[in-house]
Amino acid sequence: MSTQRKQFPFTEFESRWQKHWVSSKAFQASNPGDPGFDPSRPKYYILDMFPYPSGDGLHVGHVEGYTATDILARHHRMRGFNVLHPMGWDAFGLPAEQFAIKTGQHPRVTTARNIEKFRSQLQALGFSYDWDREFGTTDPGYFRWTQWIFLKLYNAWFNPQTRKAEPISTFTGSDPDSVRLAYVAEMPVNWCPELGTVLANEEVVDGKSEVGGFPVERRPLRQWMLRITAFAERLIEGLDGLDWPESIKLLQKNWIGRSEGAQVRFQIPGGDSEVSVFTTRPDTLFGATYMVLSPEHPLVPRITTAEQRAAVEEYQKKVASKSDLERTDLAREKTGVFTGASAINPVNGEALPIWIADYVLMGYGTGAIMAVPAHDERDQEFARQFGLPVREVVRERKAANEETVPGHQGGCFSGEGIAIHSGFLDGMETAAAKRAISSWLEERGLGHATVNYKLRDWLFSRQRYWGEPFPIVWEGGKHRAIDEGELPVVQPEMEDFKPTGTPEPPLSKAREWVRYSGNAQRETNTMPQWAGSCWYYLRFCDPKNSSHFIGADAEKFWLSSSGTPGSVDLYVGGTEHAVLHLLYARFWHKVMFDLGHLTTPEPFQRLVNQGMILGPDGQKMSKSRGNVITPDSVIEDYGADSLRLYEMFMGPLEQTKPWSMKGVEGGHRFLARVWRLGLQENQEGGWELSPDLADIPFTLAQARVVHETIKKVTADISSLSFNTAISQMMVCTNEFVNAKPRPLAALRILLPLLSPFAPHLAEELWSRLGFEGAASAQPWPVHDEALLVETEIEIPVQVNGKLRDRIRVPAQASKEDVEAAARASAKIIESTAGQSIVKIIIVPGKLVNMVVRPA
RNA sequence: CCGGGUGUGGCGAAAUGGCAGACGCAUUGGACUUAAAAUCCAAUGACCUUUUUGGUCGUGCGGGUUCGAGUCCCGCCACCCGGACCA
């Protein structure tokens with residue numbers, strides 16, 4: 001702010017209250033069994049998304065979400081809820097490790113420093129977290145249980161009969177390792193030479209690493225995987241019971257990518273090979289004119305003919321070196337190579353040439369397709385490129401009165417229609433043809449109807465130092481779990497945790513640590529950052545428990561006592577976690593639920609995404625644009641309350657909105673006006689009680705505004721409409737600014753209403769006015785509906801929908817009386833002159849509309 | 001290309017199908033002041049009109065439903081954010 005003098009002494013009292021709240025544990029939540037726990041109060045678990053404590057500190061986007069949840073937490077406490085509102089740190093992760101490598105400082109040191117900074121910034125905003133529950137994912141007391149949960153996954157399988165995770169002991173097959181929820185597989189993975197690590201698909205953006213933007217290539221490697229695909233169906237079904245934005249549910253559904261179709265097996269003559277394909281259009285089987293395998297398909301070397309071998313291998317090599325960006329560039333021309341082999345189309349015995357092409361992905365379906373160029377755009381493009389035949393087998397259905405036109409102009413027809421040139425399918429609608437061909441294939445053992453998912457198993461290992469070590473040892477080429485009693489498995493102290501430059505993880509350099517026993521070695525991979533953030537909301541319920549990951553009583557009370565499938569009542573955070581974090585957490589939660597460790601099937605009942613805050617220039621905030629607003633600087637100039645209030649006043653929580661310093665000043669001015677309702681500045685520059693204050697009753701008008709304010713603020717907080725709640729408090733404040741004498745009762749009601757938004761100022765004023773207790777501990781005010789009823793109201797009178805006059809009528813006036821009053825209006829008589837009144841619409845208490853027509 | 005979101009004054013925004021623009025910012029005028037800042041009061045969608053009383057138009061564009069549409073339906077446009085050869 002440009003002025004030298006503060007409008008109110010926030011620098012002095014804000015930090016004082018912050019210290020008081022922390023040292024008095026003002027917002028501590030008690031668990032069942034704790035002294036002071038009151039089971040008659042319902043629970044409210046409100047959670048912010050776990051922050052990664054980066055070196056840059058908090059930004060204004062964090063503040064937006066955190067302020068919203070803080071308002072709700074404070075509001076619920078005042079309404080008598082047991083409120084669980086915790087905060088902690090998602091502290092493992094690549095940036096800390098990268099920084100450590102660059103500076104030579106141990107990531108533990110920099111992580112601790114960043115956490116310090118984050119915590120002090122959060123406390124400087126007056127958020128009402130229960131700091132006794134704070135923890136970080138890097139605390140051995142926490143990751144001990146992350147490792148424990150991994151062991152639960154390792155020792156469980158998905159029973160397709162019960163559709164549930166069960167202990168591996170219930171598996172009756174011969175090879176339990178083939179069904180574990182945590183398993184080892186040789187997988188083509190994203191290897192980033194620069195980072196010296198493998199990345200998850202999610203961490204690769206446009207063929208480059210999300211962190212650092214380095215090129216990524218594909219390599220087969222032995223990896224730990226989590227069998228999330230087994231839960232695909234349940235992860236879709238579970239969404240129904242959740243109060244999430246529909247757009248987020250859709251995002252998750254699309255990510256899981258369920259599609260119904262069929263698997264079809266094609267024999268390859270001259271050998272005992274066959275190739276399986278997945279197709280959503282088995283009805284077009286007669287239209288297949290060639291086949292394509294992914295270049296990585298294991299069958300490729302076996303079927304390639306001698307003449308084609310050189311070309312095929314060259315193509316495979318070229319594809320392998322391509323980044324994902326190049327490979328998925330839609331604009332580029334299709335490429336591919338003929339293998340020399342053919343497969344037999346089971347429906348008509350035709351020989352189909354088998355090609356390899358990188359537009360077929362190994363990771364989806366079976367990594368092979370039957371190409372139907374007449375009815376698939378990609379296949380058609382490829383067929384054109386290489387001069388392959390096109391055969392039409394679906395005719396577009398035309399409107400009844402039109403002549404049906406076989407053949408198509410230009411593009412290709414990929415919709416549903418009527419089967420043609422398809423033998424026994426001819427004349428069938430697409431849906432019927434799909435059913436017919438599926439059972440035809442099944443009867444002959446050539447295929448079957450099936451469901452395929454886009455979702456893939458979760459690549460769960462990383463070649464890094466700063467993550468949770470696996471509680472696994474290797475002996476004689478086989479993995480086994482270490483004893484639960486040996487947890488946590490802590491990383492060794494290492495001087496050098498740089499990547500080895502090979503896929504060998506940094507931990508492999510700690511020779512002593514790796515040697516577990518005479519012939520057993522520790523697993524040297526570490527878990528991804530997602531692991532720690534997958535279950536932190538559970539630990540917050542019972543963070544100190546050293547014998548269980550969460551105690552049964554705490555679990556029941558905080559997670560399941562509201563009777564919803566979800567556990568956390570409200571979860572607020574950015575859209576960037578719409579898919580991965582939320583999906584992973586739901587997956588783990590379901591496993592723990594199946595295994596009997598949790599009593600709810602879903603983690604987060606209600607989800608809200610706060611919108612992005614743009615820079616003052618309307619652009620995304622970024623260092624390079626130089627438009628970053630830091631909370632620290634705003635707090636310094638205007639105080640924490642002003643920052644909180646402004647961010648809530650900007651607009652709807654979920655909307656993207658630009659920053660305005662002038663807007664901050666407006667909020668600041670409002671708070672100053674509230675301050676001056678109670679206090680005035682004396683000659684020495686100190687603040688004393690305003691002489692205008694008096695213990696007098698409200699006027700009728702004042703009482704109405706106050707009770708309207710209680711009503712609206714209460715309703716608006718519940719609907720997360722913080723901006724309109726604030727504007728109503730402004731209206732209320734403006735009502736009293738010039739009231740002399742000014743009823744003390746106004747502040748007695750306004751300050752508790754304001755306290756969730758601007759807790760420091762509310763508390764300070766409350767205590768200076770000599771009110772008893774704390775503003776934040778007052779019961780939430782209740783409005784008196786009787787004070788809101790008006791005796792006489794003004795209603796608009798329209799003629800043909802256009803406003804012509806306003807009339808005053810008693811609030812309880814009958815329709816007849818209102819009509820009479822409207823007809824009596826001079827302006828109405830004038831504007832209806834010479835016309836006949838056809839109809840009169842009267843909405844009681846709202847308006848009158850006269851429909852007239854020239855007479 | 002696909003999906004999602006948004007479009008209302010100079011700006012951020014309000015508005016169960018019922019008086020469009022609450023509240024805030026900015027601007028202008030006034031009060032207070034030696035002066036300024038702060039504060040308080042007033043005006044502030046556009047256009048027309050003879051001051052006024054008044055009138056016309058107005059929620060991205062084009063249609064529709066309705067006594068009445070920012071709001072509901074159909075068809076477009078623009079911008080923002082995601083995803084992307086998923087067979």
Side-chain angles (χ1 to χ4, degrees), chain A residues 2-5 7 206 245-248 250-251 253-255 257-259 261 277-281 284 292 294 327-332 334 357-361 363-372 375-379 381-382 414 452-456 575-576 578-579 611-612 614 618-620 645-646 649-652 654-667 669-670 672-673 676 681 721 723-731 733-734 737-738 794-806 827 838-843 845-852:
Chain A
S2 48
T3 55
Q4 314 79 348
R5 202 164 38 122
Q7 290 209 26
D206 289 344
E246 281 307 314
S247 59
I248 300 290
L250 198 63
L251 230 46
K253 279 184 196 159
N254 291 345
W255 187 266
R258 181 186 201 278
S259 59
V277 305
F278 172 74
T279 175
T280 54
R281 293 297 300 270
T284 62
V292 187
S294 154
R327 214 177 144 158
T328 59
D329 182 5
L330 278 174
R332 75 176 238 278
K334 296 248 181 305
D358 65 358
Y359 83 93
V360 173
L361 310 172
Y364 183 76
T366 62
I369 61 160
M370 62 177 212
V372 185
H375 304 291
D376 183 286
E377 239 174 282
R378 298 153 299 178
D379 295 346
E381 205 184 311
F382 189 83
S414 57
N452 194 49
Y453 299 93
K454 219 155 77 180
L455 183 69
R456 306 179 202 176
T575 349
E576 64 272 18
V579 178
M612 207 189 333
L614 305 174
Q619 302 281 93
K620 215 180 225 178
L645 190 95
Y646 169 65
F649 188 60
M650 289 173 89
E654 303 184 51
Q655 194 168 301
T656 301
K657 38 211 178 284
W659 188 269
S660 154
M661 264 319 167
K662 288 291 184 186
V664 182
E665 286 183 29
R669 274 203 284 271
F670 160 65
R673 221 156 40 237
R676 289 193 308 265
E681 200 168 15
S721 308
N723 54 334
T724 50
I726 292 168
S727 83
Q728 182 61 39
M729 289 190 280
M730 288 172 167
V731 169
T733 302
N734 293 343
V737 163
N738 287 313
E794 187 183 77
I795 61 174
V797 182
Q798 301 177 335
V799 175
N800 284 349
K802 287 187 204 279
L803 180 69
R804 287 292 176 240
D805 196 16
R806 299 187 171 95
K827 285 181 194 159
V838 179
K839 194 173 172 186
I840 297 185
I841 286 120
I842 296 167
V843 184
K846 283 286 182 193
L847 61 41
V848 178
N849 188 11
M850 299 194 177
V851 186
V852 301

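Computed from a prediction, not measured in an experiment: that's the story for all the values here. Below, read A as the first sequence line, B as the second, and so on, with proteins coming before strands; counting in each chain starts at 1.
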I'd like the [atom1] distance from [M] over to [N], given in whole Å.
| N | M | atom1 | answer |
| --- | --- | --- | --- |
| B:G82 | B:G10 | P | 30 Å |
| B:U39 | B:C48 | C1' | 39 Å |
| B:G3 | B:G58 | C1' | 33 Å |
| B:G5 | B:A87 | P | 23 Å |
| B:G9 | B:C61 | P | 10 Å |
| B:A13 | B:U8 | P | 9 Å |
| B:C19 | B:A69 | C1' | 14 Å |
| B:A42 | B:C47 | P | 25 Å |

For the side chain of [X], counting heavy atoms from C-beta on, which of [options] is nearest?
| X | options | answer |
| --- | --- | --- |
| A:K334 | B:C85, B:A13, B:G82 | B:C85 |
| A:L250 | B:U56, B:A87, B:G3 | B:G3 |
| A:V851 | B:G82, B:C67, B:G12 | B:C67 |

Inset, instruction - Indicate the atoms forming the closest heavy-atom contact of A:K657 with A:Q655, along with that distance. - result: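 Heavy atoms only, the tightest pair is NZ-O, 2.6 Å.
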Under 4.0 Å, heavy atoms only, any strand: does [X] hit a base, just the sugar-phosphate, or nothing?
| X | value |
| --- | --- |
| A:K657 | sugar-phosphate |
| A:K253 | nothing |
| A:R258 | nothing |
| A:T279 | sugar-phosphate |
| A:S259 | sugar-phosphate |
| A:P652 | sugar-phosphate |

Legend entry - First of A:T656 and A:L455 reached from the 5' end of RNA chain B, by closest nucleotide: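 Counting from the 5' end, the first nearest nucleotide belongs to A:T656.
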Legend entry - Toward the 5' end of RNA chain B, by each residue's nearest nucleotide, A:Y364 or A:N738: A:N738
Tell me the interatomic distance from [X], atom [atom1], to [N], atom [atom2], rounded to whole angstroms.
| X | N | atom1 | atom2 | answer |
| --- | --- | --- | --- | --- |
| A:I842 | B:G68 | CD1 | P | 17 Å |
| A:L614 | B:A13 | CG | C1' | 15 Å |
| A:M850 | B:U66 | CE | P | 22 Å |
| A:M650 | B:A13 | CE | C1' | 11 Å |
| A:F382 | B:C85 | CZ | P | 16 Å |
| A:R804 | B:C67 | CZ | C1' | 15 Å |
| A:I840 | B:G68 | CD1 | C1' | 15 Å |
| A:M661 | B:G12 | CE | C1' | 15 Å |

Applying side-chain contact (heavy atoms from CB on, under 4.5 Å), name anything that partners [X], two or more places apart in sequence or on another chain.
| X | answer |
| --- | --- |
| A:K839 | A:I841, A:V851 |
| A:I842 | A:K815, A:V818, A:E819, A:I840, A:V848 |
| A:P245 | A:S247, A:I248, A:L607, A:N609 |
| A:E794 | A:R806, A:R808 |

Would you say [X]'s side chain and [Y]'s backbone share a donor-acceptor pair under 3.5 angstrom?
| X | Y | result |
| --- | --- | --- |
| A:R673 | A:M730 | no |
| A:Y646 | A:S660 | yes |
| A:N800 | A:V852 | yes |

Inset, instruction - Might you work through the side chain to side chain contact (heavy atoms under 4.5 Å, CB included) test for A:Q7 and A:R676, ending with a clear yes or no? - result: CA-CA 9 Å; A:Q7 290 209 26; A:R676 289 193 308 265; 3.8 Å; yes
Inset, instruction - Identify all stems in which RNA chain B takes part, counting only runs of at least 3 consecutive pairs (Watson-Crick or G-U wobble, each distance under 3.5 Å), and give each as one range with another, ordered by first number. - result: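 Stem list for RNA chain B: B:1-7 with B:77-83, B:10-12 with B:23-25, B:27-31 with B:39-43, B:45-48 with B:54-57, B:60-64 with B:72-76.
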Could you tell me whether the phosphate oxygens of [N], OP1 or OP2, come under 4.0 Å of any side-chain nitrogen or oxygen in [X]?
| X | N | value |
| --- | --- | --- |
| A:K802 | B:C57 | yes |
| A:Q7 | B:U39 | yes |
| A:Q619 | B:C80 | no |

Legend entry - Set of residues satisfying ring-ring contact (aromatic ring centres under 6.0 Å, His included) with respect to A:F382, sequence neighbours excluded: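 Once residues adjacent in sequence are excluded, the partners of A:F382 under the ring-ring contact (aromatic ring centres under 6.0 Å, His included) criterion are A:Y290, A:W355, A:Y359, A:F386.
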Legend entry - Set of residues satisfying salt bridge (Lys or Arg N to Asp or Glu O under 4.0 Å) with respect to A:K827, sequence neighbours excluded: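 So A:K827 forms a salt bridge (Lys or Arg N to Asp or Glu O under 4.0 Å) with A:D805.
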Inset, instruction - If a protein heavy atom is under 4.0 Å from the base, mark B; if only from the sugar-phosphate, S; if neither, -; do that for nucleotides 17-24 of chain B going 5' to 3'. - result: -BB--BBS
Legend entry - Residues that A:D376 engages under side chain to side chain donor-acceptor pair (under 3.5 Å), provided they are two or more places apart: A:R378
Inset, instruction - Tell me whether B:G9 sits syn or anti, counting syn as a glycosidic angle within 90° of 0. - result: syn
